[in-house]
Undergrad: 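Dropping a structure here in structure tokens format, bear with me for questions.
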Amino acid sequence: MKTKSLLVAVALLLLACQPKKETESEMVFECNTLDLRDSEPACAMPAPINETVKFVPPVIKDDAVEENSQANASKNIESKNKKIIKDGSISIKVKAVEASKKRMDAIVALHHGYYENESYDNSYENISYTLKVRVPSKQFESFLKASENCEGVITNKNINARDVTEEYMDGETRLSSKRLFRNRYNQLLEKAFKVDDIMAIEEKIRALQEEIESQEGHLKFLDDQVTYSTLEINLFCEKDITKPTIIKETFLSRTKTSLSNGWEMLVSFVLGCVMAWPWFIVIIAVFVMITRFIKRRKK
């Protein structure tokens, strides 16, 4: 009896385990179909990834300090690229023009300058030297102070400073664009075969070359004006002119001069009449002829 009960129990257990195995096989089949359809398996669990990440604390900057540094950098760049033309004029009244001119020669040589124009004038009232001096712009202020410290009195002074940075940058931009257009036209000229096309392209290149040369000359002029400052100096001194003494005439002296002047007028009138004697003869002859003609008409 015991063996029969054990056999029945084993059979029941086997019957109970069979559907479970079928469900497991169905689940495995479904998982396999999902693996074939999808790129990522639904049943497989991803393996854990072990990574170590280092945490770097952020660097906290002061906004005010950063803005000030950027502003200072931009200011330094602008100050380096500034194009400023300095020029002016000054008039100095001196005691001796020649000695002042020699002192000015020494000052100009000391500041590495030169005379662009020099003129000397010796008029009735004064003696003057007009000097047009070119000095390096970095030494303009020291040269101006040295000129003012010369012996003499400053009667007129005028100093100007013009910022031509924008004009210079605009000129450089236009020059670069014109050079690019010239290069493109040169490339087209190499590929052109027709005579009309070649002539038209060469005409464009010629016009662009003239504009480029003109722009380059203007930029060179601005560079020269920026590199060397101009100061016109007028050294002059007044002459000692003795005024003539005015003598007051008396009544008798004025009477004598009047009589002499009247006699001279009379003599000149008589001489004038003597000089005009041919005209008197002509007038008399014409008068006689007219009177005779009138008498004949009456008869």
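In this chain, numbering begins with 1 at the start of the sequence shown.
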Undergrad: Linking Ile, Leu, Val, Met, Phe, Trp and Tyr by side-chain heavy atoms under 4.5 Å, what else ends up with Phe236?
TA: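 Noted: Phe236 shares its cluster with no other residue.
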Undergrad: Given side chain to side chain contact (heavy atoms under 4.5 Å, CB included), test Leu189 with Ile198 step by step and report yes or no.
TA: CA-CA 6 Å; Leu189 184 62; Ile198 293 172; 3.8 Å; yes
Undergrad: Given side chains that start at C-beta, do those of Asp87 and Glu232 come closer than 4.5 Å, heavy atoms only?
TA: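 Sidechains of Glu232 and Asp87: no contact.
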Undergrad: I'd like to check the side-chain contact (heavy atoms from CB on, under 4.5 Å) partners of Arg134; sequence neighbours left out, ordered by chain and number.
TA: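 Listed in chain order: Tyr114, Glu116, Asp224, Gln225, Tyr228, Thr230.
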Undergrad: I'd like to know whether CZ of Phe181 has more than 12 heavy-atom contacts from other residues, nucleotides or ligands below 6.0 angstrom.
TA: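 For Phe181, atom CZ is not crowded (no more than 12 foreign heavy atoms under 6.0 Å).
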Undergrad: Among residues at least two apart in sequence or on other chains, which ones pass side-chain contact (heavy atoms from CB on, under 4.5 Å) with Lys95?
TA: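 Not a single residue meets the side-chain contact (heavy atoms from CB on, under 4.5 Å) criterion with Lys95.
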Undergrad: Do Lys82 and Asp163 meet the salt-bridge criterion of a basic N to acidic O distance under 4.0 Å?
TA: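 Salt bridge between Asp163 and Lys82, a charged N being under 4.0 Å from a carboxylate O: yes.
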Undergrad: Is it true that Leu175 and Tyr185 fall in one hydrophobic cluster, defined by side-chain heavy atoms closer than 4.5 Å?
TA: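 Looking at the clustering, Tyr185 is in a separate group from Leu175.
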Undergrad: Is the shortest heavy-atom distance from the side chain of Asp121 to the side chain of Tyr129 under 4.5 Å?
TA: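 Asp121 does not reach Tyr129 side chain to side chain.
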Undergrad: Which heavy atom of Asn158 sits nearest to which heavy atom of Asn160, and what is that distance?
TA: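 Nearest heavy atoms, Asn158 then Asn160: OD1-OD1, 3.6 Å.
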Undergrad: Quick one, Pro136 and His111 - any side-chain contact, counting heavy atoms below 4.5 Å?
TA: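 Of all side-chain heavy-atom pairs linking His111 with Pro136, none is under 4.5 Å.
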Undergrad: Could you work out the complete set of other residues in the hydrophobic cluster of Phe269, with links drawn between I, L, V, M, F, W and Y side chains under 4.5 Å apart?
TA: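 Reading the cluster by chain and number, Phe269 sits alone, since nothing else belongs.
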Undergrad: Between Ile90 and Ile154, is the side chain to side chain contact (heavy atoms under 4.5 Å, CB included) condition met? List the steps.
TA: CA-CA 7 Å; Ile90 184 171; Ile154 298 173; 4.1 Å; yes
Undergrad: Looking only at heavy atoms, which two atoms of Ala161 and Ile84 are closest? And how far apart?
TA: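 Nearest heavy atoms, Ala161 then Ile84: CB-CG2, 4.2 Å.
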Undergrad: Got a second to check how far Lys102's NZ is from Ile107's CD1, nearest 0.5 Å?
TA: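 Interatomic distance, Lys102 NZ to Ile107 CD1, rounded to 0.5 Å: 14.5 Å.
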Undergrad: Is it the case that more than 12 heavy atoms not belonging to Lys178 sit under 6.0 Å from its NZ atom?
TA: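 Above 12, so yes.
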Undergrad: Test of understanding: clusters of I, L, V, M, F, W, Y form through side-chain heavy atoms closer than 4.5 Å, transitively. Do Val164 and Ile159 belong to the same one?
TA: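 No.
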Undergrad: Would you say Met104 and Leu131 make side-chain contact, with heavy atoms under 4.5 Å?
TA: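 Yes; the side chains approach each other to less than 4.5 Å.
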Undergrad: Can you name the residues that form a salt bridge (charged side-chain N to carboxylate O under 4.0 Å, His left out) with Glu141, not counting sequence neighbours?
TA: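 By the salt bridge (charged side-chain N to carboxylate O under 4.0 Å, His left out) rule, Glu141 matches Lys86.
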Undergrad: Is it the case that the side chain of Asn149 and the backbone of Lys145 share a donor-acceptor pair, with hydrogens and angles ignored and the cut-off at 3.5 Å?
TA: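 Between the backbone of Lys145 and the side chain of Asn149 there is a qualifying donor-acceptor contact (under 3.5 Å).
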Undergrad: Applying side-chain contact (heavy atoms from CB on, under 4.5 Å), name anything that partners Leu271, two or more places apart in sequence or on another chain.
TA: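 Scan of Leu271 (side-chain contact (heavy atoms from CB on, under 4.5 Å), adjacent residues dropped) gives Val267.
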Undergrad: Quick check: closest heavy atoms across Ala192 and Asp197, and the distance to 0.1 Å?
TA: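 Closest heavy-atom pair between Ala192 and Asp197: CB-CB, 4.3 Å.
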Undergrad: Checking the side chain of Thr130 only, and the main-chain atoms of Asn234 only, is there a donor and an acceptor separated by less than 3.5 Å?
TA: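 Side chain of Thr130 to backbone of Asn234: no pair is present.
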Undergrad: Restricting to non-hydrogen atoms, name the atom on Cys237 and the atom on Val97 that form the minimum distance, rounded to 0.1 Å.
TA: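 Of all heavy-atom pairs spanning Cys237 and Val97, the closest is SG-CG2, 3.3 Å.
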Undergrad: Specify the closest pair of heavy atoms between Phe140 and Leu231, including all atoms of both residues, with the distance to one decimal.
TA: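 Of all heavy-atom pairs spanning Phe140 and Leu231, the closest is CE1-CB, 4.1 Å.
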Undergrad: Show which residues join Ile290 in its hydrophobic cluster (side-chain heavy-atom contacts under 4.5 Å, direct or indirect), or state none.
TA: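 Its cluster partners, ordered by chain and number, are Val282, Val286, Ile294.
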Undergrad: Are Lys83 and Leu222 close enough, and set up right, to give a side chain to side chain contact (heavy atoms under 4.5 Å, CB included), and what steps lead you there?
TA: CA-CA 8 Å; Lys83 301 288 184 181; Leu222 290 178; over 6 Å; no
Undergrad: Can you tell me how far apart CZ (Arg174) and CD1 (Ile212) are? Round to the nearest 0.5 Å.
TA: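 Here the rounded value is 14.0 Å.
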Undergrad: Taking it one step at a time, do Lys93 and Glu238 satisfy side chain to side chain contact (heavy atoms under 4.5 Å, CB included)?
TA: CA-CA 8 Å; Lys93 183 180 179 182; Glu238 295 179 353; 3.8 Å; yes
Undergrad: Determine which pairs satisfy side-chain hydrogen bond (donor to acceptor under 3.5 Å, both in side chains) with at least one residue from residues 253-269, sequence neighbours left out, and list them in order.
TA: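 Residue pairs passing side-chain hydrogen bond (donor to acceptor under 3.5 Å, both in side chains), neighbours aside: Thr250-Ser253.
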Undergrad: Output the distance between atom CZ (Arg296) and atom OG1 (Thr291), rounded to the nearest 0.5 Å.
TA: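 Answer rounded to 0.5 Å: 10.5 Å.
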Undergrad: Given 3.5 Å as the limit, does a donor-acceptor pair link the side chain of Lys239 with the main chain of Ser123, or not?
TA: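 Checking the backbone N and O of Ser123 against the side chain of Lys239, a donor-acceptor pair under 3.5 Å is found.
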Undergrad: Same cluster or not: are Val94 and Tyr120 linked, directly or through other Ile, Leu, Val, Met, Phe, Trp or Tyr residues, by side-chain heavy atoms under 4.5 angstrom apart?
TA: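 Cluster IDs for Val94 and Tyr120 match.
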Undergrad: Output the distance between atom CD (Glu118) and atom CD1 (Ile233), rounded to the nearest 0.5 Å.
TA: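 It is 11.0 Å, given to the nearest 0.5 Å.
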Undergrad: Hey, what else clusters with Val195 if you join Ile, Leu, Val, Met, Phe, Trp, Tyr whenever side-chain heavy atoms sit under 4.5 Å?
TA: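 Noted: Val195 shares its cluster with Met199.
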Undergrad: Scan for salt bridge (charged side-chain N to carboxylate O under 4.0 Å, His left out) pairs involving residues 267-289, sequence neighbours excluded, and state none if there are none.
TA: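 The answer is none; no pair qualifies.
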Undergrad: Tell me every residue that passes side-chain contact (heavy atoms from CB on, under 4.5 Å) with Asp105, counting only those two or more places apart in sequence or in another chain.
TA: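 Here the qualifying residues are Lys101, Tyr115.
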Undergrad: Does anything in residues 205-221 pair up under side-chain hydrogen bond (donor to acceptor under 3.5 Å, both in side chains), and if so which pairs, sequence neighbours excluded?
TA: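 For residues 205-221: Glu167-His218, Arg179-Glu216, Arg182-Gln209, Glu203-Arg206, Arg206-Glu210, Gln209-Glu213.
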Undergrad: Distance from Ile92 atom CD1 to Ser147 atom OG, nearest 0.5 Å?
TA: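 Here the rounded value is 6.0 Å.
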Undergrad: Drop me the distance from Ser91's OG to Lys157's NZ, to the nearest 0.5 angstrom.
TA: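 Output value for this atom pair is 12.0 Å.
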